[in-house]
Amino acid sequence: TPCLHIQLGSSSIRSCVLLLPRGNSHRPLSAPNTDGLDALISQVEVEKALPKLSNGKAPEKAGWPAELLRYAAHYVTMEDGSRHKVWVLAPLLTRFLNRCFCAGVLPPCISSALVTPIHKKGCTLDAANYRPIAVGEPLYRPYTIILNKRLVGWSEEHQLRSPVQAGFRPGQSPIHHLFALRHFIDTARISRRPLYACAWTSRRPMILSSIIFCGTNWSPLGWAPAC
């Protein structure tokens, strides 16, 4: 079973390792079928995506909010007394999104976004200290919702994701890895042994650093970039 393995230190320093299945056994033996990814967008997919639009979000430069798409619907009473929701714009949106899907490009009127830099900390003259917030047109959001649902379902069905990935996956969260790390820290604290762990730094991609916990207060001693 794949897991995050962190070794406790002894007389010699040991680095943490990430255990993966032998021979990448979680990978499919043959190339998965991609017909579902290449199929035209159905009206059912559009109708399922529209309720997922968020209310109260800032519109882009066109000025119209997502509520215009989400609430363009009415109910029809069926013969058995049940009520069926009819999305007025769903047929038109389906044809429009399929044109974009077949062409492989979105028109500039909906693919642009207004970007506002939000200062986080530090010097205001350093662009790295700002977080860009992009506000796009609501019309492209159902498109991205549909494509994301297809890709997530397809990759999970064919087990194309690493079994140790917890973030951005349905039913999983990085909290699982944090719980495991908390367990290793508590175990090392009880046994009064140092703990060595590894982490990827976000400011310097692809540079592996080691963070060392030692003593009774378990404060980090420093970062040691790996070669």
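When a residue number appears, it is its place in the shown sequence, counting from 1.
- Rounding to the nearest 0.5 Å gives a distance of 6.5 Å between CG of Asn33 and NE2 of His158.
- Separating the CG atom in Leu181 from the NE2 atom in His183 is a distance of 11.0 Å, to the nearest 0.5 Å.
- The OG1 atom of Thr94 sits 7.0 Å away from atom CG of Asn98, with the distance rounded to the nearest 0.5 Å.
- Put simply, Leu68 and Leu139 are part of the same group of oily side chains (I, L, V, M, F, W, Y) that touch within less than 4.5 Å, one to the next.
- The ring pair (Phe, Tyr, Trp, His ring centres under 6.0 Å) contacts involving residues 64-112 comprise nothing, where partners must be two or more places apart or lie in separate chains.
- None of Lys149, Arg150, Arg169 except one satisfies the salt bridge (Lys or Arg N to Asp or Glu O under 4.0 Å) rule with Glu156; the exception is Arg169.
- Between Pro132 and Val115, the shortest heavy-atom contact is CB-CG1, 3.8 Å.
- Taking all atoms of both residues into account, the shortest heavy-atom contact from Arg161 to Pro170 is NH1-CD, 4.3 Å.
- Nearest heavy-atom pair, Ala113 versus Ala134, reported as atom, atom and distance to 0.1 Å: CB-CB, 4.3 Å.
- Other residues sharing the hydrophobic cluster of Ile118, ordered by chain and number and joined by side-chain separations under 4.5 Å: Ile133.
- In this structure, the ring-ring contact (aromatic ring centres under 6.0 Å, His included) partners of His119, at least two apart in sequence or on a different chain, are Tyr130.
- The salt bridge (charged side-chain N to carboxylate O under 4.0 Å, His left out) analysis of residues 78-106, with sequence neighbours excluded, yields no pairs.
- Contact check for Leu40 versus Cys102: side-chain heavy atoms found under the 4.5 Å cut-off.
- No continuous path of ILVMFWY side-chain contacts below 4.5 Å connects Val46 to Val88, so the two sit in separate hydrophobic clusters.
- Here the closest heavy-atom approach between residue Pro138 and residue Leu69 is recorded as O-CD1, 3.9 Å.
- Applying the salt bridge (charged side-chain N to carboxylate O under 4.0 Å, His left out) test to residues at least two apart or on different chains, none of the pairs has a partner in residues 103-119.
- With sequence neighbours excluded, no residue satisfies side-chain hydrogen bond (donor to acceptor under 3.5 Å, both in side chains) with Arg141.
- By the side-chain contact (heavy atoms from CB on, under 4.5 Å) test, Ile145 is found to be paired with Ala49, Lys52, Leu53, residues two or more places apart in sequence or in another chain being considered.
- Of all heavy-atom pairs spanning Leu97 and Ile146, the tightest one is CD1-CD1, 4.2 Å.
- Residues passing the side-chain hydrogen bond (donor to acceptor under 3.5 Å, both in side chains) test with Glu47, sequence neighbours excluded: Gln43.
- Annotation: Lys121, atom NZ; neighbour count of heavy atoms from other residues, nucleotides and ligands within 6.0 Å does not exceed 12.
- Residues forming a side-chain contact (heavy atoms from CB on, under 4.5 Å) with Asp186 (at least two apart in sequence, or on another chain): Arg182, Arg189.
- When the side-chain contact (heavy atoms from CB on, under 4.5 Å) test is applied to Ser42, the partners found at least two apart in sequence or on another chain are Val44, Glu45.
- In this structure, the side chain of Ser82 does not engage the main chain of Met78 through any donor-acceptor pair within 3.5 Å.
- Residues Leu147 and Tyr143 have side chains in contact (heavy-atom distance under 4.5 Å, counting atoms from C-beta outward).
- Nearest heavy atom pair, residue Tyr140 against residue Ile110, reads CD2-O, 3.7 Å.
- In this structure, Asn148 has no side-chain hydrogen bond (donor to acceptor under 3.5 Å, both in side chains) partners at least two apart in sequence or on a different chain.
- Listed by chain and number, the residues in a side-chain hydrogen bond (donor to acceptor under 3.5 Å, both in side chains) with Glu157 amount to none (sequence neighbours excluded).
- Side chain of Glu67 to main chain of Gly56: a donor-acceptor pair is present (N/O by atom type, distance under 3.5 Å, no hydrogens or angles).
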Could you go step by step and tell me if Leu89 and Leu50 meet the side chain to side chain contact (heavy atoms under 4.5 Å, CB included) rule?
-> CA-CA 10 Å; Leu89 298 178; Leu50 288 176; 5.8 Å; no
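- In this structure, Ser54 OG and Arg70 CZ are separated by 7.5 Å, a value rounded to the nearest 0.5 Å.
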